Amino acid sequence: MTTLENSYRDNLPSKFYSDQLPTSVPNPETICFNNNLARELKLQEELSNPELAIHFLSGREVLKGTHPIAQAYAGHQFGQFTMLGDGRAVLLGEHVIDSHRFDVQLKGSGATNYSRRGDGRATLSSMLREYLMSEAMFHLGIKTTRSLAVMKTGESVYREQVNDGAVLTRIAESHIRVGSFEYARFYTDQLAAFTKYVIKRHDPDLLESENYALEFLERVMNRQIDLIVNWMRVGFIHGVMNTDNMSIAGETIDYGPCAFMNAYHQNTVFSSIDKQGRYAFGNQPRIAHWNLAILANALLPLIDKEEKAAVEQAERVIQTFPDLYETSFYKMMMNKLGIVNTSMENRKLVDELLVLLQNHQVDYTNFFVSLRYKSLEPKLLKDSLFQDWLKKWELAQTRNDGSEEGLMLMDQSNPVIIPRNHLVEEVLKEAVEGDVESFNKLVAKLSTPYVQQEIQHIPSGFDRSYQTFCGT
Ligand code: AMP
Ligand code: MG
């Protein structure tokens, strides 16, 4: 990182960003630093000088010759179109290592041209939350932005109460979103240049394609399907799947009001602002589909000069979403059940199970582990419908070519531990009070979610009143 590149700034017209330095903070202090990620990015030596690291990761100083920016974008927030942009983030630049390019972004680093009424700041608690959740997702094997460090700024941030301010260093394949395309579409003469830049960065093999925009749409769709199926695998609820929070690279991004579901229910919502349940657990695939239609709409002028023909072609791609999603979803659920052969009959097994889990409010994570180790909850075993289901599952298992393979699939697909809401809140509370030991311990524990270990017990009733808040 002797230097950082900035291909975004170098290749795109100035409409797409504002030059923006992070705001200097009075008294930076390292709260957590991700040694493993620093090593992966080959940054550990450069950041080994704590003084230098503190200055750089808090935004007090930027590297010589770099040109930090805030990116402009738009988005549909709860269905409404809005012009947006990095209101509390600055892209320091791009770190290129072994021909991979990563954005290095500071989040919570002060106001920008896009801050609107916001203060550009973030609280220590919310940045630690993003650090913990994103690292947990990474270790669950799910594509995500990563967190390199959280620095306390020494400044207060005012929300409902006075909080310590903090800056998170976020690492991403890029911060280009569906909303970035909505922004580019707004300036139609820039759309082709923008799309080609993005394709060169994320899908360079498509550059020579006859209809690069259409193929790009398909790629983004496939990446989203893969991502959402993985969220459904572990019970992750993003909470605010606005189009500006959907990454073109297919990474989970913007850990605001996200949470993991305990008791299985399709309608689970934790976000305090999601009153209608638009972003409920079971709605996530439909929303991804909706967001992709917004992307398709933005790309129309590049798909075909004739609008009608463009719409037809885009629709043909977008209409494949439900089937592709279902195939991928059921394959994933079969893996969770250790069933090697994915037949239509076995799809029914999945549907029946989900109804049973929902009716009995069974813990989603613990169920699959208890099925694997045949230590099922008595409340389930008492239900004759579940007994019938269990017999069918056992039969499907015995039909596997090798039972070992089934068990292996279960072990690979079913985490034993996830960031349980009550634990996350507990360690965050201690961390903001100055004791990061439990926080660090939980982060470390979440780095081996698939290792055989004791299951987590959930305090009863905790989730009933549990609420999460947007990027506070
Ligand atoms: P989010 O819901 O976190 O994805 O944020 C939506 C938009 O609001 C983005 O453009 C953010 O940059 C902006 N935003 C969120 N929090 C703040 C803040 N504290 N100050 C300024 N802008 C913010
Ligand atoms: Mg966002």
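Whatever order the structure lists ligands and atoms in, that order sets their numbers, starting from 1. Computed from a predicted model, the values in this text were never measured in an experiment.
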Subject >> ligand 1 contact on N245 by region, counting heavy-atom pairs under 4.0 Å >> reply: side chain

Original post:
Is the gap between the ring centers of F321 and H289 under 6.0 Å?
Top reply: yes

**OP:** Check ligand 1 against Q77 and write out every atom of the ligand that is under 4.0 Å from a heavy-atom position of the residue.
**Re:** 6 (C)

Subject >> the Mg ion (ligand 2): angle it makes with OD2 (D254) and OD1 (N245), nearest 10 degrees >> reply: 80°

Original post:
Ring centroid separation for Y73 and Y183, is it under 6.0 angstrom?
Top reply: no

**OP:** Evaluate the ring planes of F216 and F181, with Trp represented by its six-membered ring, and classify them as parallel (under 30°), tilted (30 to 60°) or perpendicular (over 60°).
**Re:** tilted

Original post:
Just which atoms of ligand 1 are under 4.0 Å from any heavy atom in G118?
Top reply: 20 (N), 21 (C)

**OP:** Before signing off on this row, confirm whether Y114 and ligand 1 have an N or O atom pair separated by under 3.5 Å.
**Re:** no

Subject >> Per-residue contact class, R177 against ligand 1 - non-hydrogen pairs under 4.0 Å >> reply: neither

Original post:
Can an N or O of C470 be found at a distance shorter than 3.5 Å from an N or O of ligand 1?
Top reply: no

Original post:
So is there a nitrogen or oxygen of D86 less than 3.5 Å from a nitrogen or oxygen in ligand 1?
Top reply: no

Original post:
Would a line drawn from the ring center of Y364 to the ring center of F260 be shorter than 6.0 Å?
Top reply: no

Original post:
Given the rule in the side-chain hydrogen bond (donor to acceptor under 3.5 Å, both in side chains) test, do Q224 and Y325 qualify, once you have shown the distances and angles that lead to the verdict?
Top reply: CA-CA 9 Å; Q224 279 307 318; Y325 174 80; over 6 Å; no

Original post:
Can you name the one residue among R177, R9, R201 that meets salt bridge (charged side-chain N to carboxylate O under 4.0 Å, His left out) with D103?
Top reply: R201

Original post:
Are the aromatic ring centres of F367 and Y264 under 6.0 angstrom apart?
Top reply: no

Subject >> Heavy atom of D119, distance to ligand 1 below 4.0 Å >> reply: yes

Subject >> Interatomic spacing from CG in L128 to OG1 in T123 - rounded to 0.5 Å >> reply: 8.5 Å

Original post:
Of all the atoms in ligand 1, which lie at a distance below 4.0 Å from a heavy atom belonging to R121?
Top reply: 19 (N)

**OP:** Among R146, R101, K143, H100, find the residue that satisfies the side chain to side chain donor-acceptor pair (under 3.5 Å) test when tested with E173.
**Re:** K143

Original post:
Which ligand 1 atoms are under 4.0 Å away from a heavy-atom of G120?
Top reply: 18 (C), 19 (N), 20 (N), 21 (C)

**OP:** Give the contacting part of R116 toward ligand 1: side chain, backbone, both or neither, where contact means a heavy-atom distance below 4.0 Å.
**Re:** side chain

Original post:
For V240, is at least one N or O under 3.5 Å away from an N or O on ligand 1?
Top reply: no

Subject >> Note, I31 side chain near E29 side chain (heavy atom, < 4.5 Å) >> reply: yes

Original post:
In terms of atom number and element, which parts of ligand 1 are under 4.0 angstrom from non-hydrogen atoms of R159?
Top reply: 19 (N)

**OP:** Could you tell me whether Y73 approaches ligand 1 through its side chain, its backbone, both or neither, with non-hydrogen atoms closer than 4.0 Å?
**Re:** side chain

Original post:
S115 heavy atoms, cut-off 4.0 Å: which ligand 1 atoms fall inside?
Top reply: 21 (C), 22 (N)

